[in-house]
Amino acid sequence: METIHRLYRAIVNLFRRRRLDAEMKEELEHHLTMAMERNVAAGMNAEAARRMARTDFGGVDQVAERVRDTWGTRMIDGIWRDLRLVGRQLRRSPGFTVVALATLALSLGANTAIFSLVHGVLLRPLPYAESHRIVRVLTVSPGGGLNGISTLDFLDWQSQNTCFDFMAAHWSDSVSLTKMGEAVQIPEERVSARYFDIFGVRAALGRTFVEGEDQVGKDQVVVISHGLWQSQFGGVADIVGGSIHLNGTPHTVIGVLPQNVPFERQSARLWRPLAFKPENMTRDFHWLGSFARLREGVSLQMARAEMDAIGASLAESFPESNEDSGVAVDAFSEVVVGDDLRRSFYTLFAAVGMVQLIACANLANLSLMRAVGREREISIRVAIGAGRKVLVRQFLTESLVLALLGGGLGILIGQLALEGFQAALPPFALPSEAVIGLSQPVLWFSFLLTLLTGVGVGLLPALHAARPNLTSSLRQGGGGAGSSPTLTKVRNVLVVGEIALAFVLLAGSGLLMQSLSKLGEVDPGFDSANVLTFGLPMSPEQYPDPVELNTYLGDIRSRIEALPGVTGVAMTTSLPMRGWGFGVPFEIAGQDAGASSDRKVCFYKMVSPSYFQTLGMNLRRGRPLRETDTRGSSPVTVINERLVDRFFAGEDPIGKRIIAQEIVPGKSQLGAEIAWEVVGVVWNEAVGGLRRQNRGTPGMYVTNYQNAAYQQSVVVRSEIDTTLLRPAILSAVRTINPDQAITELKALEDIKNDSLSNSRFRVTLFGLFAGVSLLLAAIGIYGVISYAVTQRTREIGIRRALGASQPNVLWQVLRNGLSLTGFGLVLGGLGALGLGRFISSLLFGVDERDPLILIGVAGALAVVSVIACFLPALRATKVEPTIALRAE
Amino acid sequence: MTKHIFPQGALEMVVLRVLRAEPNHGWGIAQKIHLISRDVLRVEEGSLYPALARMVQKGWLKSEWGTSENNRRAKYYSLTRLGRKRLESEQENWQAMAAAIADILTNES
């Protein structure tokens with residue numbers, strides 16, 4: 001505080017220095033005049049009176065100087081002088097300056113960018129009022145996993161709890177918005193009335209839902225997002241109170257959300273009340289998610305205890321559906337960022353931190369060498385009276401100037417990198433609550449890191465310059481001065497550290513790279529080349545009769561099949577790698593039902609019989625589904641290999657019956673129990689990410705004739721590039737039904753790639769950091785060895801003169817570098833094992849201690865450092881004994 | 001080099017004490033110091049000015065130009081709120097120290 005005040009005064013004084021000076025002179029003059037007058041009054045003559053006044057006063061010029069000292073302007077002058085000196089010094093060695101600036105700008109830029117991700121996603125508090133009170137409530141299924149909530153469970157939880165202010169269910173869907181005859185499909189969220197109150201989000205225009213609006217009959221209201229309001233309704237203010245058509249029925253717009261809430265970044269663009277219809281009132285269909293707001297003063301533990309009790313009492317009352325089920329209450333802040341994402345970011349943050357350390361070590365080393373090179377200059381300056389404080393300040397100024405310049409460039413680079421990241425990450429890869437950008441805390445972080453780097457880099461040379469026995473270097477005549485044992489040790493430690501850190505980074509990126517390539521090799525169970533997919537949303541209001549629905553779908557299918565280039569068309573309730581769609585509990589006829597805790601569950605897709613062939617899925621046994629497996633014929637299913645492995649225990653599944661309830665079309669409800677006859681077995685299709693595909697997910701397929709569904713996506717295989725097909729498909733669908741919306745027209749290849757994009761993002765960045773660290777470490781070791789050779793020129797000359805052979809000298813120098821590398825590799829190996837453990841959950845198909853990767857990385861580093869040592873070593877062998885000896 | 005007959009802190013204290021009564025200019029302050037200290041603590045008059053300047057930078061004093069008794073332009077110094085506070089705490093310190101010294105001296109005799 002004191003210092004800041006003094007600095008402030010100094011700067012102010014700097015600008016009024018001339019006036020201060022004049023005033024001071026006038027003041028001193030006044031004093032002298034008064035003294036003289038007094039002396040004259042005492043009877044002296046003028047000359048004696050003046051002399052006496054001056055004697056009493058002391059040296060006028062000295063006094064004036066001491067007054068000037070108090071203004072603090074000298075400090076500024078000093079800083080200014082230092083800066084100019086630094087400027088000269090840096091200009092004199094442009095190579096060093098460019099390398100240093102580039103290193104600093106890149107490392108600080110990378111740190112800034114990664115920290116803004118970490119800050120925006122992990123550190124920043126959730127942008128909701130009292131966000132610590134928001135919790136997520138879900139069912140714990142008998143197996144221990146989390147599951148959606150059934151309607152009746154939710155209603156019981158909601159009415160029986162005392163620990164929440166509000167509890168709200170939500171369910172994602174999409175709805176067709178008809179405007180002037182054009183239909184567009186819009187992702188929506190169906191939510192309980194108090195949903196927005198849980199997050200403390202109010203409408204910017206109008207209002208959000210009120211209690212009771214989530215009842216049938218009152219639910220024809222809608223809240224829209226700011227984005228939708230702008231894009232579909234031109235941002236007109238009178239939208240509130242207006243009526244819009246959703247799925248063919250009029251709804252009143254009651255509110256528009258504000259622009260800057262996380263809801264704007266979700267996929268849903270509009271929100272409708274979730275009113276439960278009589279057919280929803282089941283306890284076995286787990287379809288809802290829910291959030292709640294803790295009552296004031298209620299802790300998470302208290303809420304968990306109460307919800308556990310409610311869950312237990314429901315399990316007792318409804319053992320049929322709820323036995324062994326429970327309730328999970330989790331703080332929203334804990335679940336909003338998935339564990340993998342959290343781990344990825346922290347890993348990247350650590351990686352980029354290591355790059356920073358390596359960069360610092362390198363620059364410290366470089367500056368140290370420069371400092372040693374300037375030893376004579378410094379000695380002379382000390383000899384003619386430069387204080388050590390001045391020298392230390394000068395070195396620190398130099399590194400701080402470099403760091404600040406680098407930091408400034410770094411922020412620009414960080415901004416660019418951040419834009420790159422955001423473009424590289426798939427949409428919705430980050431939680432909608434995340435706000436990424438160079439916010440104030442991020443800039444502070446960069447600034448502090450910059451200062452720290454500046455001090456860190458400058459400290460060693462500064463301390464070196466302040467060493468007490470500088471005069472010795474004058475006597476020694478330069479040559480041997482820098483090779484003081486401590487200094488050499490410090491440089492060696494820095495290089496060992498660099499190699500160790502580079503090892504850790506390379507090993508980490510090796511592991512991640514190997515995982516990515518293993519993921520890419522995973523057989524997804526289908527052939528994704530030249531397949532186009534899109535969603536075909538339909539509502540029960542349009543086609544209440546499943547037979548009518550299937551006729552409609554059949555029309556669309558044959559219309560697309562007729563397009564030139566198309567070789568196959570299929571429908572499915574869920575596209576490959578886009579989740580289960582539906583899941584059902586099932587039993588196998590003739591097998592013991594077993595305890596409910598290992599109740600069998602599998603995904604359940606309702607597909608057109610052409611599904612397997614269109615996707616190129618391998619039939620392992622039996623027959624595929626056929627066009628003849630219709631509503632009237634006996635119910636059949638094709639199951640996947642995983643289901644066979646898991647639940648048939650070596651028996652032949654063909655001909656066995658799987659008992660599962662059908663999904664009632666268009667309703668969130670399980671229907672009649674049906675004994676599906678297994679007619680075939682297909683190879684596992686990836687339903688989620690490729691990570692889980694190795695084991696596969698048990699699943700069954702039935703025809704959409706035998707179990708119709710409104711949630712349909714279309715798969716089109718073609719012989720030609722799928723992009724060429726897009727317009728033809730759109731118009732084919734429109735000729736059947738101009739109102740039919742089409743969503744997410746996308747190549748299957750892209751869906752597959754999207755699922756890898758997180759891994760790819762991680763690998764790219766990590767690999768980049770590792771590459772940079774390798775380069776920096778190589779420069780570091782080259783610098784140290786090269787310097788050592790220069791220092792030892794004379795010694796080498798003597799050795800040569802005494803008969804040491806060239807290979808002998810070469811080996812001497814190489815050995816020096818290799819022992820440093822060896823130390824670095826041992827330390828780095830240990831570090832790499834630690835990192836491997838931390839990121840093991842991000843790895844796939846590769847052991848975290850994979851010896852091949854560790855050995856490969858060690859080998860690569862060794863090769864690089866040998867090359868880095870070889871150049872200076874070669875130089876050493878060229879030393880001519882006579883010249884080296886004469887050089888001194 | 002000017003010798004400090006006063007320790008720096010003491011000079012500052014005396015200046016604060018002198019200015020407590022009324023604002024004064026450098027010459028006036030110097031005369032008052034001679035008076036107060038009954039010329040026992042002699043000071044090279046010039047060294048008063050760096051002290052004054054330092055105290056202005058520290059914010060204990062403020063200065064403005066005025067006209068002196070014999071119609072000369074002179075720079076008048078006066079205490080700021082900070083200077084007043086400083087004087088109070090310094091006075092306590094000095095009194096405590098003086099008491100302690102007195103104590104030591106009497107005990108020794």
Side-chain angles (χ1 to χ4, degrees), chain A residues 1-42 49-76, chain B residues 1-6 8-9 11-12 15 18-19 23-35 37 39 41-78 80 82-83 86:
Chain A
M1 192 58 228
E2 178 93 22
T3 325
I4 293 174
H5 178 74
R6 266 172 53 203
L7 195 66
Y8 167 75
R9 302 282 325 189
I11 292 169
V12 170
N13 290 342
L14 197 64
F15 288 102
R16 50 175 204 195
R17 178 147 46 164
R18 202 174 294 226
R19 213 189 70 209
L20 282 174
D21 216 59
E23 288 189 358
M24 176 191 65
K25 279 186 183 138
E26 187 180 346
E27 192 180 14
L28 299 187
E29 201 51 53
H30 174 251
H31 185 108
L32 289 172
T33 315
M34 295 297 284
M36 202 181 96
E37 277 176 9
R38 181 195 57 190
N39 294 345
V40 168
R50 181 190 311 277
R51 211 171 328 113
M52 172 105 180
R54 288 205 169 246
T55 319
D56 281 350
F57 193 80
V60 178
D61 289 339
Q62 281 94 318
V63 167
E65 274 305 292
R66 280 171 54 211
V67 170
R68 285 189 194 105
D69 277 342
T70 66
W71 298 340
T73 50
R74 274 173 221 283
M75 177 165 73
I76 305 272
Chain B
M1 277 278 133
T2 335
K3 270 176 273 157
H4 285 271
I5 297 165
F6 263 2
Q8 199 181 70
L11 179 56
E12 286 177 350
V15 169
V18 165
L19 288 175
N24 211 336
H25 46 70
W27 167 255
I29 296 171
Q31 300 320 303
K32 282 252 174 81
I33 291 178
H34 290 311
L35 228 69
S37 61
D39 287 82
L41 297 170
R42 273 193 55 88
V43 57
E44 261 183 329
E45 285 173 349
S47 59
L48 177 64
Y49 288 92
L52 286 172
R54 200 161 36 241
M55 289 162 81
V56 170
Q57 296 302 335
K58 282 180 185 164
W60 299 351
L61 303 184
K62 56 178 189 279
S63 66
E64 57 188 346
W65 288 92
T67 318
S68 70
E69 317 78 61
N70 42 15
N71 270 332
R72 281 210 171 80
R73 214 169 92 88
K75 199 180 215 177
Y76 275 81
Y77 293 90
S78 57
T80 61
L82 205 63
R86 184 75 194 178

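Since the model is a prediction, treat every value here as computed from it, not as a measurement. Each chain gets a letter, A, B and so on, in the order its sequence line appears, and its residues count up from 1.
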*A:V67 to B:Y49 - nearest heavy-atom pair and separation*: CG2-C, 3.7 Å
_Leading residue by heavy atom contact count with chain A [cutoff under 4.5 Å; candidates B:R73, B:Q31, B:H25]_ = B:R73
_Can you tell me which portion of A:A10 sits under 4.5 Å from chain B's heavy atoms? Options are side chain, backbone, both or neither._
neither
*Point-to-point distance, once rounded to the nearest 0.5 Å, from NE2 of A:H31 to NZ of B:K75*: 15.0 Å
*Any residues in residues 15-24 of chain A near chain B, with a heavy-atom distance under 4.5 Å, and which are they?*
A:E23
*asked:* Which residue in the set A:M34, A:E27, A:E37 passes side chain to side chain contact (heavy atoms under 4.5 Å, CB included) when paired with B:W27?
replied: A:M34
*asked:* Using heavy-atom distances under 4.5 Å, tell me whether A:D69 contacts chain B through its side chain, its backbone, both, or neither.
replied: neither
_Which atoms of B:S63 are under 4.5 Å from chain A, going by heavy atoms: the side chain, the backbone, both sets, or neither?_
neither
*Heavy-atom pair with the smallest gap, counting every atom of A:T70 and B:A53*: OG1-CB, 3.3 Å
*In this structure, are over 12 heavy atoms from other groups packed under 6.0 Å from A:R68 atom CZ?*
yes
*Non-hydrogen atoms of chain B under 4.5 Å away: do they reach the side chain of A:R38, the backbone, both or neither?*
side chain
*Side chain, backbone, both or neither: which part of A:H30 has a heavy atom under 4.5 Å from chain B?*
side chain
